[in-house]
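Everything on this sheet refers to the single structure shown next.
For ligands, and for the atoms within them, numbers begin at 1 and follow the listed sequence. Along the sequence shown, residues carry numbers from 1.
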Amino acid sequence: MIRAVIFDLDGVIVDTAHYHYIAWKRLASELGITLTLQHNELLKGVSRMHSLEIILNLGNIRLPQAEKEALADKKNKWFMEYIESIRPEEIFPGVKELLVNCRKQNLKTALASSSKNAPRVIELLGIAHLFDTMVDGTMITHSKPDPEIFLLAAKKLDVEPGKCLVFEDAEAGVEAALAAGMKCVGVGSAGQLNKANIIVKQTADFDLAKINSIL
Ligand code: BG6
Ligand code: MG
């Protein structure tokens with residue numbers, strides 16, 4: 001039986017994935033690199049510095065660490081400006097209800113986001129009370145596709161990884177969930193997420209009544 005549901009944040013609960021994209025696109029453009037939506041799929045779920053390295057590789061640019069850190073900080077400042085106006089109304093339709101229903105069915109709930117900004121986003125959305133535990137980018141050493149973040153969430157929930165179901169919109173996130181020995185719902189299009197156990201277009205399309213049929 002599935003005992004816990006673990007949610008990614010950006011692109012699963014709210015469309016902050018878009019703000020990451022426009023901030024990276026702005027930075028890439030300053031570096032003379034055109035960042036496409038297709039490139040952006042590679043940035044989803046991975047850490048800030050890893051994302052920057054992917055972008056620099058696209059432009060064959062090599063920089064010293066201090067300059068890379070300055071660029072990552074610049075992108076993050078823009079991202080923080082974009083998210084400051086986020087309101088609870090921007091939570092994807094049906095997601096709050098899904099979280100409430102998970103808890104009604106005695107499923108534990110966790111947030112597992114690679115983002116160091118996750119606590120601020122959750123605060124702005126006013127949904128911290130719907131999670132039994134939260135893990136973010138400040139608490140891990142290896143970001144997705146490494147399974148560390150999901151294994152930590154399972155440990156904090158005291159649930160075996162094999163009894164956890166993860167919601168993910170990123171290819172790196174799907175890989176991380178499977179590497180953790182968990183089941184995974186891919187949120188988005190089949191192309192990028194075809195390794196997921198099931199794919200839904202939107203998070204709330206998942207039928208909670210059939211959760212154990214994924215096993
Ligand atoms: C993930 C996003 O949730 O967090 C990535 O999918 C992002 O796009 C990563 O790079 C790190 O976020 P932050 O907020 O710590 O720069
Ligand atoms: Mg995501």
Taking NZ, NE, NH1 and NH2 as the nitrogens, is one of them in [X] or [Y] under 4.0 Å from a carboxylate oxygen of the other?
X: E53; Y: K68; answer: yes
X: D8; Y: K144; answer: yes
X: D132; Y: R103; answer: yes

Listed as residue and atom, the protein N/O/S atoms under 2.8 Å from the Mg ion (ligand 2) are D8 OD2, D10 O, D169 OD1
Does the Lys NZ or Arg CZ of K77 fall within the cation-pi geometry relative to F79 - under 6.0 Å from the ring centre and within 45° of the axis? no
Hey, is ligand 1 close enough to [X] that some N/O pair sits below 3.5 Å?
X: D8; result: no
X: K44; result: no
X: D10; result: yes

Step by step, would you call L111 with L130 a side-chain contact (heavy atoms from CB on, under 4.5 Å)? CA-CA 9 Å; L111 183 84; L130 295 175; over 6 Å; no
I'd like to know if the side chain of N212 reaches the main chain of I2, judged simply by a donor and an acceptor atom lying under 3.5 Å from each other, with no hydrogens or angles considered. yes
Return a table of donor-acceptor pairs under 3.5 angstrom between the side chains of residues 189-201 and protein atoms on other chains or two or more places apart.
unit_1 : atom_1 : unit_2 : atom_2 : d
S189   : OG     : Q192   : OE1    : 3.3
K195   : NZ     : E175   : OE2    : 3.0
N197   : OD1    : C184   : N      : 2.7

May I ask you to list the atoms of ligand 1 that are less than 4.0 angstrom from any heavy atom of [X]?
X: S51; value: 10 (O)
X: V46; value: 5 (C), 7 (C), 9 (C), 10 (O), 11 (C)
X: G45; value: 2 (C), 5 (C), 6 (O)
X: N117; value: 13 (P), 14 (O)

Logged contact type for K116 with ligand 1, heavy-atom cut-off 4.0 Å, is both
Logged contact type for S113 with ligand 1, heavy-atom cut-off 4.0 Å, is side chain
Nearest heavy-atom approach of A170 to E168 is N-OE1, 3.1 Å
Nearest non-hydrogen protein atom to atom 16 (O) of ligand 1, with distance, is R48 NE, 2.7 Å
Closest to atom 8 (O) of ligand 1 among protein heavy atoms sits L43 O, 3.4 Å
R26 meets the side chain to side chain donor-acceptor pair (under 3.5 Å) criterion, sequence neighbours left out, with Y82
Q.
Could you check whether any side-chain heavy atom of V185 comes within less than 4.5 Å of a side-chain heavy atom of V166, counting everything from C-beta outward?
A. no
With a cut-off of 3.5 Å and sequence neighbours excluded, list every side-chain donor-acceptor pair involving residues 87-99.
unit_1 : atom_1 : unit_2 : atom_2 : d
E90    : OE2    : R87    : N      : 3.3

